[in-house]
2 protein chains.
Amino acid sequence: MRVADKAPMVERILNTADRLFYQRGIRAVGVDLIAAEAGISKRSLYDYFPSKEALIEAYLERYTLPLPQIGASPAAQILGAFDRLERMFRQDGFRGCPLVNAVAELGAGCEPVRSIAARFKEERRAWFRARLTEAGLVDPDALALQLLLLSEGAIASMLVSGDAEVARGARDAAAVLLRSAGLDA
Amino acid sequence: MRVADKAPMVERILNTADRLFYQRGIRAVGVDLIAAEAGISKRSLYDYFPSKEALIEAYLERYTLPLPQIGASPAAQILGAFDRLERMFRQDGFRGCPLVNAVAELGAGCEPVRSIAARFKEERRAWFRARLTEAGLVDPDALALQLLLLSEGAIASMLVSGDAEVARGARDAAAVLLRSAGLDA
DNA sequence: CTGCCTCCACACCGGTCTGTGTAACTTTAG
DNA sequence: CTAAAGTTACACAGACCGGTGTGGAGGCAG
């Protein structure tokens, strides 16, 4: 197999790992199972990833992709992000944020994972900040953090309670904070 | 050993399990290690807890204790809860909420754990609601949820970023929401 | 001292884990 | 066709898992 053919196989392995890791937890899923579900032998899987840890990190890295941009007012984009959250909540198999879950599960002593998750959350916060700057806010830092806290809180609450309505609560709170900062949707 | 002497030993086991489970993750800690660190044999540990799962549930159950009441205005009590959060964040070894972490780690198919965590969060939300009712709010439900989301978000963000300042951000957001509902500290 | 009861150290069970070694099979290239 | 390369199934190593069984050490009552 040529190198050019490796990428799709890597993708297939990562799709399988994603599904299993996210649904059952990272430590609960063995390499044998991932290989079997991906339709390759364990021996071949270790040709693509040198260790389970490398596979875990690749699985988490995939989530650090930028959010889509919708052509609307900044405040509407922000509230739209909470609507998107609610749609995610209502999808079957939602089980919280994979990155937060990984940090929670792997615990102390797994610094690479924490670092990937921190980078991801910083990106999300920067997205809020960029929207607020677009809207003309001169000091968007504090508000961007607060919006991030609302979405993180909604994700954690949804994971525990299973009630997708929490997204609506987060959206309403975000609207109050935005209005209090002088922004209207 | 008489039955009356059992309680302290159970407490010691739970203290040990708490430290290890919370710091390293539940699946990462074996029963052997808990017994050794608690200073008893594994055989004796199984006299106090019939299985590891029972130990896990007892470990989580301990967190469902009521919050302390401080004699201050309701709004001040609520903001004080966020100050308390910040003090928790600054303690060594803070690793997020044990109940959320357990749900994140054990994943689907571990309903008892999810149920304990949901009960805990509902208690927290009820605490906020009670303070808001004290303050004269006629419909405290939505705001109580939003305050809970802020604290949950702060906990998750602290776990990932390690920056205790997020508690301040949550507190500030809570103050804005309270003021917007007509309450002042 | 004797009998009893509790607890411990230790070994063990079957199972699972990550990771590797190997030999047979299939595919591809020349 | 032949040779090389890639992939497979399979077994294995070494470690750990949850849980149990056992023999013996220690305290205590009579």
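Remember, predicted model here, so these are calculated numbers, not experimental data. A, B, ... follow the sequence lines: proteins, then strands. Residue 1 opens every chain.
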K.L.:
Parallel under 30°, tilted from 30 to 60°, perpendicular over 60°: which one fits the rings of B:Phe94 and B:Phe89?
P.N.:
tilted
K.L.:
Using whole Å, what does the distance between atom P of nucleotide C:dT6 and atom OH of B:Tyr48 come to?
P.N.:
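Rounding to the nearest Å, OH of B:Tyr48 and P of C:dT6 are 11 Å apart.
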K.L.:
Is it true that B:Glu86 and B:Arg90 have a side-chain N and a carboxylate O under 4.0 angstrom from each other?
P.N.:
yes
K.L.:
Grab the CZ-C1' distance between A:Arg24 and C:dC17 for me, whole Å please.
P.N.:
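In whole Å, C:dC17 C1' and A:Arg24 CZ are 15 Å from each other.
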K.L.:
Specify the closest pair of heavy atoms between B:Pro140 and B:Thr133, including all atoms of both residues, with the distance to one decimal.
P.N.:
CG-OG1, 3.6 Å
K.L.:
Within this structure, what is the CZ-to-P distance between B:Arg27 and D:dG18, rounded to whole angstrom?
P.N.:
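One finds 11 Å between P of D:dG18 and CZ of B:Arg27, rounded.
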K.L.:
May I have the distance from A:Asp47 (atom CG) to C:dT20 (atom C1'), rounded to whole angstrom?
P.N.:
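Those two atoms, CG and C1', are 11 Å apart.
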K.L.:
Is there a salt bridge (charged side-chain N to carboxylate O under 4.0 Å, His left out) between B:Glu37 and B:Arg19? Walk through the geometry before answering.
P.N.:
CA-CA 10 Å; B:Glu37 298 256 326; B:Arg19 179 168 45 87; 3.1 Å; yes
K.L.:
Measure from CD1 on B:Ile34 to C1' on D:dC17 and round the result to the nearest Å.
P.N.:
12 Å
K.L.:
Starting at the 5' end of DNA chain D, which residue's closest nucleotide do you reach first, A:Leu45 or B:Ala28?
P.N.:
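Going by which nucleotide is closer to the 5' end, it is A:Leu45.
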K.L.:
Quick test of your reading of the model: are B:Arg131 and B:Glu134 salt-bridged, counting only N-O distances below 4.0 Å?
P.N.:
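Judged by the 4.0 Å cut-off on N to carboxylate O distance, B:Arg131 and B:Glu134 do form a salt bridge.
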K.L.:
Using whole Å, report how far CD1 of A:Ile56 lies from P of C:dC17.
P.N.:
13 Å
K.L.:
NZ of A:Lys52 versus C1' of C:dT20: gap in Å, rounded?
P.N.:
17 Å
K.L.:
Would you compute the distance between atom CD of A:Glu105 and atom SG of A:Cys110 and round it to the nearest 0.5 angstrom?
P.N.:
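Separation between the atoms: 10.0 Å.
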K.L.:
Rounded to whole Å, please give me the gap between CZ in A:Phe49 and P in C:dG19.
P.N.:
13 Å
K.L.:
How does each nucleotide of nucleotides 9-14 of chain C score, in 5' to 3' order, for protein heavy atoms under 4.0 Å: base (B), sugar-phosphate only (S), or none (-)?
P.N.:
B-----
